[in-house]
*Asks:* 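Just passing along the structure, written as structure tokens.
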Amino acid sequence: MFPDINHIRLDRLGNLNGSKIAMSVLRTDLIHPIISGNKWFKLRFYLEEAVKQGYKTIGSFGGAYSNHIVALAAAANLNGLASVGIIRGEADDSPTLQEAREWGMKIIPVSRQSFKVREEIIESYPNHHEIYWVDEGGYGMQGAKGAATILSAKDCNEFTHILCACGTGTMAAGLIMGAAEYQKIIGISVLKNNTALEDSIAGLLPETLHNKITCLHDYHFGGYAKHPKELIAYMNDFYQRTQIPTDIVYTSKLFYTAEELIPKGYFEENANLLLIHSGGLQGNRSLSKNTLCF
Ligand SMILES: *Cc1c(COP(=O)(O)O)cnc(C)c1O
């Protein structure tokens, strides 16, 4: 099965919990069960550029459970390119990496220490000039431009607020670029103390759009990929109420935040919220069985 953006749906949840504020979800997770969500959008222009410039191989960086790595493996394959994944740590053979290998990616584990020094890894790689390198998580201008097209998947003009989860902030930057002037973008950081997030987003935007950056930093649940019982309980409860599955790293924290902010009066009355379901469900495979009810 190939990833397909025509599978994206707009789910209208109406007014959850009797609040005045309506919530809808843009289901980019439906692109594909494994290769899903925002990564597909973030990669499209990198791939286009790599092909146009005559590269035969595309390479990038990530952890053993990286949504970015597996999406890149598939996207490269479908575009007729070979791929290389530089993986942080003693790459335990995660389902994510197995999947990436099945799409033809060459997996190269490097120590946590040397993973930090990208230039050295790249330079020590044979024929590194023949590889089109993409930053970890797809951070960069082409990534943001690709993410801007998420809002063209469906007609999103009616929404007053667009909320998304943030790792590198590339998707948030893209949404700011792609949104209408009256729409407010709110990014929820899934990392603890990522004080550089606003600057990372600003770095991808023209100065005229810097005033549109809003990030919330208090909903990381302990940090990247941390998923305390409270979050797991929320994911199960949210699924039972909406039939929408969420992932432990990103989207669960996004939905939780929105539902937490609504009764606190964070949004003005008659706000109409769009939450971006950015995918990432494949990451839930790292949980033990029966943790989640979906
Ligand atoms: C990578 C990812 C994000 C974060 O995207 P950034 O552009 O790095 O901020 C959000 N949600 C999911 C499911 C992801 O895989």
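All ligand and atom numbering here is 1-based and tracks the order in the structure.
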*Asks:* Indicate yes or no for a side-chain donor-acceptor contact from T291 to the backbone of L287 under 3.5 Å, with no hydrogens or angles considered.
*Replies:*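 Between the backbone of L287 and the side chain of T291 there is no qualifying donor-acceptor contact (under 3.5 Å).
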
*Asks:* Regarding E49 and K145, does a basic nitrogen lie under 4.0 Å from an acidic carboxylate oxygen?
*Replies:*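 Between K145 and E49 there is no salt bridge, as every charged N stays at least 4.0 Å from the carboxylate O atoms.
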
*Asks:* Evaluate side chain to side chain donor-acceptor pair (under 3.5 Å) for E259 paired with Y234, printing each intermediate quantity in order.
*Replies:* CA-CA 10 Å; E259 291 208 83; Y234 174 76; 2.6 Å; yes

*Asks:* Dump the pairs for me: ligand 1 N or O, protein N or O, distance under 3.5 Å, to 0.1 Å.
*Replies:*
from, atom 1, to, atom 2, distance (Å)
ligand 1, 5 (O), N38, ND2, 3.0
ligand 1, 7 (O), K42, NZ, 2.7
ligand 1, 7 (O), T168, OG1, 3.4
ligand 1, 7 (O), T170, N, 3.3
ligand 1, 7 (O), M171, N, 2.8
ligand 1, 8 (O), K42, NZ, 3.1
ligand 1, 8 (O), T168, N, 2.8
ligand 1, 8 (O), T168, OG1, 2.6
ligand 1, 9 (O), G167, N, 2.8
ligand 1, 9 (O), T168, N, 3.2
ligand 1, 9 (O), G169, N, 2.8
ligand 1, 11 (N), S278, OG, 2.7
ligand 1, 15 (O), K39, NZ, 2.6
ligand 1, 15 (O), N67, ND2, 2.8

*Asks:* Strictly below 4.0 Å, N to O, side chains only: are E99 and R285 in salt-bridge contact?
*Replies:*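 Between R285 and E99 there is a salt bridge, with a charged N closer than 4.0 Å to a carboxylate O.
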
*Asks:* Does the side chain to side chain donor-acceptor pair (under 3.5 Å) test come out yes or no for T96 and Q282, once each step is laid out?
*Replies:* CA-CA 7 Å; T96 310; Q282 68 94 17; 2.9 Å; yes

*Asks:* Establish, for the pair R88 and F61, whether the NZ or CZ atom is under 6.0 angstrom from the six-membered ring centre and no further than 45 degrees off its axis.
*Replies:*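 That pair does not qualify as a cation-pi contact.
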
